[in-house]
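Letters go in sequence order (proteins before strands), and every chain restarts at 1.
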Amino acid sequence: MLYREAGQFRATYAEDQQIFPLRQDRIGIAAVLVLAFVVIPLAGNQYWLSAILTPFLIFALAALGLNILTGYAGQLSLGTAAFMAVGAFATYNFVLRVPGIPILAAFALAGICAALVGIAFGLPSLRIKGFYLAVATLAAQFFVLWAIQRIGWITNYSASGVITAQNYSILGIPIETPVSKYVLTLSIVTVLALLAKNLARSETGRAFMAVRDMDVAASVIGIPLMRTKLLAFAISSFYCGVAGALYAYTYLGTVEPEAFNLDLSFRILFMIIIGGVGSVLGSFLGAAFIVLLPIVLNYVVPPISEATGIEISHAIISNLELMVFGGLIIFFLIVEPHGLARLWQIGKEKLRLWPFPH
Amino acid sequence: MSATARTVGLPILVVEGVSLAFGGVKALQGVSFDVREHEIRAIIGPNGAGKSSMLNVINGVYHPQEGTITFRGVSRRGMVVHEAAAQGIGRTFQNIALFRGMTVLDNIMTGRNLKIRSTFLEQAVWLGRARREELAHRRKVEEIIDFLEIQHIRKTPVGRLPYGLQKRVELARALAMEPELLLLDEPMAGMNLEEKQDMCRFVLDVNEQFGTTIVLIEHDMGVVMDISDRVVVLDYGRKIADGTPEEVRANQAVIDAYLGVAH
Ligand SMILES: Nc1ncnc2c1ncn2[C@@H]1O[C@H](COP(=O)(O)OP(=O)(O)O)[C@@H](O)[C@H]1O
Ligand SMILES: [Mg+2]
């Protein structure tokens, strides 16, 4: 009964084209926003804010970036962490070398730097697809980290390439506490997610999906493949770049180039596989899942081991984590390629018809 | 056709001496013909005759080694595919080429892409021009949906549709481009009788109401004889006949080519 669209008639195309056409969805989104912007900062547990929620939002943003490229435009990439690194180190340089630059401007410019690097490494996509493209994007992964480690200027000649995020403030308010960092991250991620949702439902999103689903047919109706693919690389890398900047400036504070290694690229790829390829919501679900799983296991496993009397060490728990990841990735790849977002969708459809499925 | 029907005009498309080979396979050899404005021009011939290749040459998917294509007075041999669309050439494929992950509505909306002026930045903020355009094109697409009688499936992902309806959605997507020249590659293949009749009606209506020039590949000779103004016959990459349906049907070379070909 709760999730009904009965009686909600959309009389105009404008109503039908709203970002969330269903009233329940609008209420749900509003509730989540109130929770995230008001309740959580007030109820703020420092540990949760700085160690779980802020990184969750940053990973969700990076996953969203990868999803734009891989899920919407169908171009597989293993260079996500490299584009994040560009964002982080570019922000560092903008703040270092442009006195008085507002931090948001530095984030945006860093995103643009990442977009340019993304375009450069997207060029092979004009010739190659799928697995081979993924291998080509690996070049980005290795080249970018190599450049950051070898070109001293980028890290201001710091030993072993470690940078420490400078202090910054917005409108005179210093962003130092876990709450302020969380709210800043949340604001940026919310705005960028909204923009992505709008892109996905307009011409740009349709062109991306057309190229993904059948590139010859896309070009036959007038979609230029080269421009569309490179735009997907640019937008995707912009998102990843901003995520990388936040990774350094609202989460870790001190980062080394190695933080952006291939492992991170894979983690983000797993997020979109589990969360849902080609879905804005899926990027958030996947990030939540991967951030929360180890925590949940840590809470759940010890009581089980006590109850059953089986000794389970921390090493086993972290192995368990890998096994659960592996199992789920195989499950989603084979059984439900659209991930948790699709399961959520199916659940909603069932609820919409419940209790009379016919 | 009624007396008030469209009047066939001057040639809008001229194909001259087109030859196309894939390695050793000569798909087309010195093929020439023209298509007049507003007419329905059929291309027939046995399997492998080069019919689909001919359409691919016309809209730039294949680049012939010899010959020229002149569309509305502009001559060329090869071109970038998406430019053919910008010139007003629409196309459907023999094997359905829909965007499988998208709904019917989104598939057809994609056909409007060349008419959208707003940039991706405007679309991201969904204000002003981007929003107005989205609504205006939605209205146009809904007209096409009504015209092809597919209102009931507009929100369905195309992958879930039966074959006959997929073919219709593909026609809708091509119509959304408002093409001057529409290339249809076996639009009725694999359909049952009722679906075929519907599709015939739609092709004729498109031609009459919008004045769209149509080049049609079709195997069903009954359909070809009924709806086309003139017919080109290809066999082994060569043109063996060209004329009205009656002339072509009486042509000895055509009868020979079709004997022994089961279809
Ligand atoms: N992309 C291609 N690569 C190689 N050979 C092709 C290709 N497209 C068509 N051909 C060949 O060209 C010939 C004509 O094919 P086609 O134009 O599809 O014929 P039709 O549509 O009349 O059945 C066939 O021998 C076919 O194998
Ligand atoms: Mg064919």
Side-chain angles (χ1 to χ4, degrees), chain A residues 5 10 12-19 21 68 71-74 115 191-228 230-232 234-235 238-239 277-279 337-338 342 345 349, chain B residues 56 59-61 80-93 96-102 105-127 130-131 133-139 141-142 154-155 158-159 170 173-174 176-177 179 183:
Chain A
E5 57 180 312
R10 280 160 256 159
T12 64
Y13 298 135
E15 280 174 39
D16 194 39
Q17 289 182 325
Q18 290 175 79
I19 189 162
I68 289 169
Y72 283 97
V191 169
L192 287 179
L194 192 69
L195 297 183
K197 188 93 185 142
N198 281 338
L199 270 184
R201 66 190 174 126
S202 56
E203 179 46 37
T204 305
R206 288 192 296 268
F208 285 176
M209 292 186 275
V211 169
R212 170 194 71 191
D213 286 350
M214 186 147 304
D215 53 2
V216 175
S219 59
V220 161
I221 57 172
I223 294 171
L225 294 185
M226 180 169 90
R227 218 189 60 201
T228 306
L230 292 184
L231 181 63
I235 296 174
F238 178 88
Y239 274 65
V277 173
S279 156
H338 296 287
R342 179 77 193 126
Q345 191 76 29
E349 273 169 27
Chain B
N56 280 332
N59 79 335
V61 178
V80 185
V81 185
H82 64 258
E83 283 173 4
Q87 289 187 356
I89 303 180
R91 166 84 197 263
T92 67
F93 289 83
I96 294 167
L98 287 172
F99 307 127
R100 291 186 62 82
M102 298 160 71
L105 184 61
D106 279 346
N107 264 275
I108 306 173
M109 282 293 278
T110 312
R112 304 293 293 172
N113 77 88
L114 283 172
K115 305 193 183 296
I116 287 179
R117 295 280 155 269
S118 57
T119 63
F120 77 96
L121 290 171
E122 292 170 275
Q123 292 166 18
V125 290
W126 196 261
L127 287 175
R131 193 166 167 230
E133 277 190 325
E134 195 73 8
L135 275 177
H137 290 297
R138 172 73 187 271
R139 245 174 248 126
V141 162
E142 289 289 342
R154 59 159 85 74
K155 294 288 176 72
V158 290
E170 208 188 350
R173 186 181 66 190
M177 295 167 62
L183 313 174

A.B. asks: Taking every non-hydrogen pair under 4.5 Å, which of L194(A), V211(A), I223(A), T12(A) racks up the most with chain B?
C.D. replies: I223(A)
A.B. asks: Taking every heavy-atom pair that is under 4.5 Å apart, which of R139(B), E83(B), E170(B), R91(B) has the most such pairs with chain A?
C.D. replies: R139(B)
A.B. asks: Any side-chain heavy atom of T92(B) within less than 4.5 Å of one from L183(B)?
C.D. replies: no
A.B. asks: Does V158(B) reach the side chain of M102(B), with side-chain heavy atoms less than 4.5 Å apart?
C.D. replies: no
A.B. asks: Checking heavy atoms, do the side chain of F120(B), its backbone, both or neither come under 4.5 Å from chain A?
C.D. replies: both
A.B. asks: Is the shortest distance from a Lys or Arg side-chain nitrogen in D16(A) or R154(B) to a carboxylate oxygen in the other one below 4.0 Å?
C.D. replies: no
A.B. asks: Where does V125(B) contact chain A at under 4.5 Å (heavy atoms): side chain, backbone, both or neither?
C.D. replies: both
A.B. asks: Taking side chain as everything from C-beta outward and backbone as N, CA, C, O, which of these in D106(B) sits under 4.5 Å from a heavy atom of chain A? Side chain, backbone, both or neither.
C.D. replies: both
A.B. asks: Any side-chain heavy-atom pair from L192(A) and Y239(A) closer than 4.5 angstrom?
C.D. replies: yes
A.B. asks: Which bit of A200(A) comes within less than 4.5 Å of chain B, counting heavy atoms only: side chain, backbone, both or neither?
C.D. replies: neither
A.B. asks: Please answer whether the main-chain N or O of A176(B) pairs with a side-chain N or O of R112(B) as donor and acceptor at a distance below 3.5 Å.
C.D. replies: yes
A.B. asks: Restricting to pairs with a member in residues 205-215 of chain A, which pass salt bridge (Lys or Arg N to Asp or Glu O under 4.0 Å), not counting sequence neighbours?
C.D. replies: K129(A)-D215(A), E203(A)-R206(A), R206(A)-E134(B)
A.B. asks: Less than 4.5 Å apart, any side-chain heavy atom of F208(A) and any of L231(A)?
C.D. replies: yes
A.B. asks: Tell me, which pairs form a side chain to side chain donor-acceptor pair (under 3.5 Å) where one or both residues lie in residues 118-127 of chain B, sequence neighbours left out?
C.D. replies: S202(A)-Q123(B), T204(A)-Q123(B), S118(B)-Q123(B), S118(B)-E133(B), T119(B)-E122(B), E122(B)-R129(B)
A.B. asks: What part of K115(B) gets within 4.5 angstrom of chain A, counting heavy atoms only: side chain, backbone, both, or neither?
C.D. replies: neither
A.B. asks: Heavy-atom pairs under 4.5 Å with chain A are the metric here; pick the option from N113(B), L114(B), V81(B) that has the most.
C.D. replies: N113(B)
A.B. asks: Which bit of I19(A) is near chain B, if near means a heavy-atom gap under 4.5 Å: side chain, backbone, both or neither?
C.D. replies: neither
A.B. asks: Between L98(B) and chain A, which part of the residue has a heavy atom less than 4.5 Å away: side chain, backbone, both or neither?
C.D. replies: backbone
A.B. asks: Let me know if M177(B) has heavy atoms under 4.5 Å from chain A in its side chain, its backbone, both or neither.
C.D. replies: side chain
A.B. asks: Are any side-chain N or O atoms of N107(B) and backbone N or O atoms of F99(B), one a donor and one an acceptor, separated by less than 3.5 Å?
C.D. replies: yes
A.B. asks: Taking side chain as everything from C-beta outward and backbone as N, CA, C, O, which of these in I116(B) sits under 4.5 Å from a heavy atom of chain A? Side chain, backbone, both or neither.
C.D. replies: side chain
A.B. asks: Which one wins on heavy-atom pair count under 4.5 Å against chain B: M214(A), K197(A), Q17(A), H338(A)?
C.D. replies: Q17(A)
